[in-house]
Protein chains: 2
Amino acid sequence: MPTHPQNRRPTIRDVAREAGVSHQTVSRVLNDYPKVAPETRARVLQVMEAMGYERNLAAQMLTTQRSRTIQIVTLDAEFHLDITQFTQPVKQAGYSAVVTDCTAESLAKTLDEAAARMVDGIMLYAPRSCMPDDKLIALSHGIPLVRRDYAIDSRLTWIGFDQQHATHLAVRHLIDLGHRRIAHITGSLEFINTRLRHDGYVKTMGEHDLESGPVYVGTYGAQRRDMKNGYDGMCELLKRDREFTALLVVNDRNAMGAMRALADHGLRVPDDVSIVGFDDNPIASYLVPPLTTVYFDFDFQAQLGFQYLFEQIRNPETYKHHQHVLIADLVVRQSTRAPA
Amino acid sequence: MPTHPQNRRPTIRDVAREAGVSHQTVSRVLNDYPKVAPETRARVLQVMEAMGYERNLAAQMLTTQRSRTIQIVTLDAEFHLDITQFTQPVKQAGYSAVVTDCTAESLAKTLDEAAARMVDGIMLYAPRSCMPDDKLIALSHGIPLVRRDYAIDSRLTWIGFDQQHATHLAVRHLIDLGHRRIAHITGSLEFINTRLRHDGYVKTMGEHDLESGPVYVGTYGAQRRDMKNGYDGMCELLKRDREFTALLVVNDRNAMGAMRALADHGLRVPDDVSIVGFDDNPIASYLVPPLTTVYFDFDFQAQLGFQYLFEQIRNPETYKHHQHVLIADLVVRQSTRAPA
DNA sequence: ATAAAATAAGTTACTGATAACACAGTATAA
DNA sequence: TTATACTGTGTTATCAGTAACTTATTTTAT
C-alpha cells in the first residue's frame, strides 16, 4: 500500500514519512545543506530514488522567486544562429534553457513573462535598437540580463563585434586588390550592426580618399527576406550605375541574392564584379564562386555572454557590467579579385 | 502609505483590501467567473490597474498544475523553420510559447522539464524516430502532445506530409523529361522523412521499370552539415558513375552542396545534370540556376498541429487522436530539363 | 406568503516547497 | 564543572494563488 495517494506525485512530506525524518530535513538534502548526518542524507536520497520523487518547480518558485532557468529572448527571430549554440552552455551550467521570440512591439510583454516565469537570467538577442537602454533596464524587472550586440549604456552588459573594424577589413581588402568604386547593399539601418557596417564602409572609403556609393539601403527586417533584399538592391544598383567593380553586401544571404541578380544580368563574379559578404554563413563557401566574407565567432560570443550572465547571477550585488568588443576575421575565397 | 510592503508586488489580498472585497472575489474576477456583480468587478479591475497588480505564475501553477504555456520541443534543432511560424499561433490562442532544443539522448529529460514547468501542451518537432511511440507517450507525463512529422502509433496525434507522393512528383517530373538514370543523394536514413523520401524514390523508379541508383547515403544529422553532405555525396557519385543525367537530393541545402561539387567538376546544371531538391527553402530560388524543388506548406502544418493540440487541451477526455497527411507540390524552376 | 432556487459574496483549507526559529544533544574551553 | 559554541532536527509560518464550502441576500415559483 502506497504511503501517498495514488495518481499524485510524492512530496517531500511523503519522502520524509517514508524515511522517518522531518520534511525540513528532506528539503535540506535537496538543497545540499551541509549540516545533515551522512547516514540521514543517504537514507533520504535512497527513499527519494525509490519513490521517484521530483521537486515541484511551482512550489520552489513560490518561495525562492527563482526557477533555475535562463531565457533566451530573440527579437525578430534571427535563427540563422544555431540554437544549440546558446542552449548548450546554459545546460552545462545546470540551468534549463528556454527560447522565446518577439517583435519590437512585444518585447515588453515578453520580458514581463520572463519575470512571471521567475527566470534567473535573460540573454537578449536584439539586433535592433528597439528601445532606449534605460527602458530596457526598467523592463527587465531586475533580472540579470546580458545583451548580445552593441548597446550604449554601460549599466548593461553587452558583447558586440567591432563592426567598424570588420568593415574596414572587407573594404580594405577590395581597395588593396585595386578597386576604387565600391558599391554597397544594405538593409534597414534600424539594425545596429547594419548601421555600423554602413558607417564603417563610408568611413573606410573616406580614409582612402574614395567616394562612397552607390549605396542601396533596403528595408529588410525578417531574415527570410534577406535574399530578396540583396536581389532587389543589385537590380536597383545596376539600373543606376554600372561603374562599380566591387560590391560590399551587408550579409551573406543578401550577397546570395545579389549574385543571382548579377547572373540574371549576364555579369560574372568575380570577373565583372567582386563581392564581399558578412557572417561567414555556411552557405558562403558553397556559393558559386565561394564567397569572400567576414567571419564572426558567434560561438565564442555566446559563451562569453553566458559567462558574464552567470557571474551576474552569482553576485548580483558586486557585479560590474562588462562591455566587450570582439574582433572579426576576413575569409578570402573566390568572389574577389583585382578589377579587369 | 501603501497597503502592502514596499518592494513587494501586490497580491490578490492587497487588491482585495483596497477594493473592500475578499481575496476570493478578486480571484473570481481574475478568472472571469460569471457570478460577480458588474460594479464589483469594475471596481476590482480598477484597483488592480491602479496598483499594477500582476498574477503570480508560481502560485497559480501550484494550485492549477498549469502554466498557460505551450512548449515547442525540437530534436536536433531544425531551425531552418521560422520560429515565428509556431510561436505565433500559440500566442494568438492566449498561451505563452517557449522553445527548447534537445538531442535524442536528452529528450526524456526535456520532457521531464516540460512536466515540471507544468506546460499545457507540447509540440514535438522530431524528425528522427528517436524512440518508440510507447515510450514517448509514457515520457510525456500525460501532457497533451502533438508530433510534427510522421509517427506510427495512433495513440499520438501527428501531422506529416505524404513523402512518397512528394518523391513521386519529383521523380515523375524527371522521368517525364526523359531521364532514365537518376541518382539520389540523401542523409542518414534514421530521419523519418529522409527514409520515406529514399523509399519513395526506389518505389517510383521501380514503377517505371527503371533501375534505381546510384545512391549516396550520407550521415548528416546537424542541419549545418547539410551542404557538406551534398557536396561529399556528389563527389562520391561522380567517382563511382557518370552515367546519370539527373539527380534527386534529399533537401535544398544538400542540393546546394551538390551543385557546388558539379561546378567544381566542370559540369553544368541543367545542361549536364538536372537536379530536384526538397523543401523549397528560400535559398532554392536564389541558386544559379534556380532550383526545381518540392514545396511543403509548413505554415499550414504548424497551424493544423496547434489546432489539434488546443482541441486536446480543451477536451482531454473526449479527444480522439488525429493522423493527418498533407500533400506537397512540385515547384519547377530552371535546374531541370530534358537530357541532352 | 412561503419555500425553493439562484446570486453574490465571504471563510477556511490546501497546494509543495523554503525560511526562520526553537530546541535538544554533543563537543570544546575556561 | 559550568559556560559556550556548534550540531542536527523538528515546528511553525509563509509564499500567492485556487477549490470547496458557507452564508446572506435576492429572486422566482407554488
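For the helix from C/dA1-D/dT30 to C/dA30-D/dT1, the angle separating the two terminal helix axes comes to 40°, with each axis derived from five pairs and the value rounded to 10°.
For B/Glu105, the side-chain hydrogen bond (donor to acceptor under 3.5 Å, both in side chains) partners two or more places apart in sequence, or in a different chain, are B/Thr103. Residues satisfying the ring-ring contact (aromatic ring centres under 6.0 Å, His included) test with A/Phe161, not counting sequence neighbours, are A/Phe296, A/Phe298. The side-chain contact (heavy atoms from CB on, under 4.5 Å) check on B/His322 picks up B/Thr157, B/Tyr308, B/Glu311, B/Tyr319, with sequence neighbours excluded. The side-chain hydrogen bond (donor to acceptor under 3.5 Å, both in side chains) test applied to A/Gln301 returns A/Arg148, not counting sequence neighbours. In this structure A/Glu190 satisfies the side-chain contact (heavy atoms from CB on, under 4.5 Å) test together with A/Arg128, A/Ser188, sequence neighbours excluded.
Between B/Gln65 and B/Pro38, the residue whose closest nucleotide on DNA chain C is further toward the 5' end is B/Pro38.
Atoms CZ (B/Arg9) and P (D/dT14) sit 21 Å apart, rounded to a whole Å. Put simply, NZ on B/Lys35 is 15 Å from P on D/dA19, counting in whole angstrom units. To the nearest angstrom, P of C/dA9 lies 8 Å from CZ of B/Arg43.
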Sugar-phosphate atoms are those with a prime plus P, OP1 and OP2; base atoms are the rest. Using that split, label each nucleotide of nucleotides 17-22 of chain C B, S or - for protein heavy atoms under 4.0 Å, 5' to 3'.
BBBB--

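The list of side chain to side chain donor-acceptor pair (under 3.5 Å) pairs with a residue in residues 36-59 of chain A, not counting sequence neighbours, reads A/Asn31-A/Arg55. Under the salt bridge (Lys or Arg N to Asp or Glu O under 4.0 Å) criterion, the residue pairs touching residues 110-120 of chain A are A/Glu113-A/Arg117, with sequence neighbours excluded.
In terms of heavy atoms, B/Ala108 sits closest to B/Leu139 at CB-CD1, 3.8 Å.
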